[in-house]
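What follows is a single structure, written as structure tokens, with notes after it.
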Amino acid sequence: VFDLETTSLEPKDGRIFMIGIRTNKGYNKIIECINEEDEARGLREFFDIINELKPSIIGGYNSANFDWYWIFERCKLLKIDIRKIVKSLHPQHSISQRKNMLKLANEVEEFQQTTIWGYNNIDIIHAVRRAQAINSSIKSAGLKYISEFIGAKEADRVYIGHENIGKMYTDNHEYWLNLKNGEYRKKGDFMDLDKKFPDTYLLTTGSDIVERYLQDDLEETLKVDKEFNQASFLLASMIPTTYERVSTMGTATLWKMLML
């Protein structure tokens, strides 16, 4: 799975400053981008890592609407030809986008499907949205809510409001981080908390807290994927289509393909 951290909500107003990558086999990498030149390098490194690892599945949380949108738009603004830096498993096919439909019981939602030839590229929030459509006890598809709903939240989970992530990273003030509950506060008038409570407090920086937040996002994304996508993954081995397609199909279409 992968996730981005950005300095703004729109690509025209900011840049990508961290790219996190984690696999269910133990690989973990944070690519930090300190300026636009470094951002261009980071985007190339991201696709180089995909080519090196060659995962069968590339996943993110709300990645269709946010992460991939940011990647394509920032490549345009940085004058990078994304088709030249993406290495797919076919020499004549690189990366592409098209409109697709997510089936949700009796409704559908449109989204932008990013396809890299030879990989199953999925948005894990789609599995949660499908479950939400038939399970009224699921009140939200947000990562924070659904992680708590399935009991995946760790006690020391770090949270940052979306509107504060970029500012916390760029300001990079010193903070006291509570290692037991993930809460933090600016250093301010609090002195020597790490000496008074050595097993509880760590003096650290805003950028470190943002990285911890990103790592926690990646970990929870893997857990949510395991909880909600196993059935689709198994179905993909039984019917003549890709996991990428199965992950957004409606029940009627799946039954029709099973009966073929």
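Predicted model only: the values in this text are computed from it and were never measured.
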- [ ] Run through K103, K99, R129 and flag the one making a salt bridge (Lys or Arg N to Asp or Glu O under 4.0 Å) with E109.
- [x] R129
Open item on the list: Within this structure, what is the CH2-OG1 distance for the pair W70 and T6, rounded to the nearest 0.5 Å?
Closed with: 4.0 Å
Open item on the list: Please tell me whether D67 and S63 have a donor and an acceptor in their side chains that are separated by less than 3.5 angstrom.
Closed with: no
Task: E148 and its salt bridge (Lys or Arg N to Asp or Glu O under 4.0 Å) partner, picked from K153, R157, K223 - done: K153
Open item on the list: We want to know whether N121 and T114 form a side-chain donor-acceptor pair, criterion being a heavy-atom distance below 3.5 angstrom.
Closed with: no
Open item on the list: Can you classify the ring geometry of H90 versus H93 as parallel (below 30°), tilted (30 to 60°) or perpendicular (above 60°)?
Closed with: perpendicular
TODO: For the residue pair T221 and L218, establish whether any side-chain heavy-atom pair is separated by less than 4.5 Å.
DONE: no
Open item on the list: Between M168 and L9, is there shared hydrophobic-cluster membership here, with clusters defined by ILVMFWY side-chain heavy atoms closer than 4.5 Å?
Closed with: no
Open item on the list: Are the side chains of F149 and S137 in contact, using a 4.5 Å heavy-atom criterion?
Closed with: yes
Open item on the list: Main chain of N181, side chain of N178: is a donor-acceptor contact present, judged purely on distance under 3.5 Å?
Closed with: yes
TODO: Would you mind checking if D208 and R212 are paired as a salt bridge, meaning a charged N to carboxylate O distance below 4.0 Å?
DONE: yes
Open item on the list: Just so I know, are the side chains of I122 and I58 near enough to count as touching, which here means a heavy-atom distance under 4.5 Å?
Closed with: no
Open item on the list: Same cluster or not: Y243 versus L222, using hydrophobic residues (I, L, V, M, F, W, Y) connected whenever any side-chain heavy atoms lie under 4.5 Å apart?
Closed with: yes
- [ ] Determine, using the 4.5 Å side-chain heavy-atom cutoff (strictly less than), whether L177 and L193 are members of one ILVMFWY cluster.
- [x] no
Task: Residue pair Y27 / E52, side-chain donor-acceptor N/O under 3.5 Å - done: no
- [ ] Say whether E32 and Y169, considering side chains only, have a donor N or O and an acceptor N or O under 3.5 Å apart.
- [x] yes
Task: Closest contact, heavy atoms only, A127 versus N229 - done: CB-OD1, 3.2 Å
TODO: Determine, for R74 against E39, whether the closest basic-nitrogen to carboxylate-oxygen distance falls under 4.0 angstrom.
DONE: yes
Open item on the list: Nearest 0.5 Å, please: how far is CZ in F233 from OG in S247?
Closed with: 12.0 Å
Open item on the list: Other residues, nucleotides and ligands only: do more than 12 of their heavy atoms fall within 6.0 Å of CG on L53?
Closed with: yes
Open item on the list: If you define the side chain from C-beta out and look only at heavy atoms, does anything of E219 sit under 4.5 Å from Q215?
Closed with: no
Task: Non-hydrogen side-chain atoms of E220 and E154 separated by less than 4.5 Å - done: no
Task: Short side-chain to backbone donor-acceptor contact, N120 and E244, under 3.5 Å - done: yes
TODO: Show the numbers, then the answer: is there a side chain to side chain contact (heavy atoms under 4.5 Å, CB included) between Y184 and V158?
DONE: CA-CA 9 Å; Y184 47 87; V158 173; 4.1 Å; yes
Open item on the list: Within this structure, what is the CG-CZ distance for the pair L214 and R22, rounded to the nearest 0.5 Å?
Closed with: 8.5 Å
TODO: Mark yes when over 12 heavy atoms from residues, nucleotides or ligands other than K54 sit less than 6.0 Å from its NZ; otherwise mark no.
DONE: yes
Open item on the list: Do P55 and T23 make a side-chain contact, defined as non-hydrogen atoms from C-beta onward lying under 4.5 Å apart?
Closed with: no
Task: Distance in Å, I50 CD1 paired with K87 NZ, rounded so as to fall on 0.5 Å steps - done: 10.5 Å
TODO: May I ask you to test the T241-M257 pair for a side-chain heavy-atom distance under 4.5 Å?
DONE: yes
Open item on the list: Taking the basic N atoms (NZ, or NE/NH1/NH2) and the acidic carboxylate oxygens, is any pair closer than 4.0 Å for D171 and K167?
Closed with: yes
- [ ] Quick one: closest heavy-atom pair of A141 and Q132, and the distance?
- [x] CB-OE1, 3.7 Å
- [ ] Indicate the atoms forming the closest heavy-atom contact of M191 with W176, along with that distance.
- [x] C-CZ2, 4.2 Å
- [ ] Might you point out which heavy atoms bring T253 and M249 nearest each other, and give the distance in Å?
- [x] CG2-SD, 4.1 Å
TODO: Would you check if the side chain of T248 reaches a backbone N or O of R245 as a donor-acceptor pair within less than 3.5 Å?
DONE: yes
- [ ] Mind checking the CG-CD1 spacing from D217 to I160? Nearest 0.5 Å is all I need.
- [x] 9.0 Å
TODO: Tell me, please, whether F228 has R130 positioned over its six-membered ring: NZ or CZ under 6.0 Å from the ring centre and within 45 degrees of its axis?
DONE: no
- [ ] Go through I21 and N28 one step at a time and tell me if the side chain to side chain contact (heavy atoms under 4.5 Å, CB included) criterion holds.
- [x] CA-CA 6 Å; I21 305 164; N28 187 65; over 6 Å; no
Task: Side chain S8, main chain G14, donor-acceptor under 3.5 Å - done: yes
TODO: For the pair E10 and Y69, evaluate side-chain hydrogen bond (donor to acceptor under 3.5 Å, both in side chains) and give the outcome as yes or no after the intermediate values.
DONE: CA-CA 9 Å; E10 287 294 329; Y69 166 66; 2.9 Å; yes
Open item on the list: Working note: C33 + M18, criterion side chain to side chain contact (heavy atoms under 4.5 Å, CB included); need CA distance, chi angles, decisive distance, verdict.
Closed with: CA-CA 6 Å; C33 311; M18 275 187 192; over 6 Å; no
Open item on the list: Can you give me the closest heavy-atom contact between Y61 and D123, atom names plus distance?
Closed with: C-OD1, 3.7 Å
TODO: Evaluate the side-chain proximity of K29 to I31: yes if any heavy-atom separation is below 4.5 Å, no if none is.
DONE: yes
Open item on the list: Does R83 have more than 12 heavy atoms from other residues, nucleotides or ligands lying within 6.0 Å of its CZ?
Closed with: no
Open item on the list: Counting the benzene-type ring for Trp, do Y159 and Y213 have ring centres under 6.0 Å apart?
Closed with: no
Task: Flag if over 12 foreign heavy atoms under 6.0 Å of CG, N106 - done: no
TODO: Begin from the C-alpha positions of K180 and D156 and carry the test side chain to side chain contact (heavy atoms under 4.5 Å, CB included) through to its verdict.
DONE: CA-CA 5 Å; K180 294 182 178 179; D156 61 350; over 6 Å; no
Open item on the list: Using 30° and 60° as the class boundaries, would you call the ring planes of W68 and F46 parallel, tilted or perpendicular?
Closed with: tilted
Open item on the list: Is it true that, when you exclude E37 itself, more than 12 heavy atoms of the residues, nucleotides or ligands shown sit nearer than 6.0 Å to its CD?
Closed with: no
Open item on the list: Nearest 0.5 Å, please: how far is CD1 in I19 from CG in L4?
Closed with: 6.0 Å
TODO: Determine whether Y145 and L143 fall in the same hydrophobic cluster, where Ile, Leu, Val, Met, Phe, Trp and Tyr are linked whenever their side-chain heavy atoms lie under 4.5 Å apart.
DONE: yes
Task: E174 and K186 ion-paired at < 4.0 Å - done: no
- [ ] Of all the heavy-atom pairs spanning I146 and S140, show the shortest one and how long it is.
- [x] CD1-O, 4.1 Å
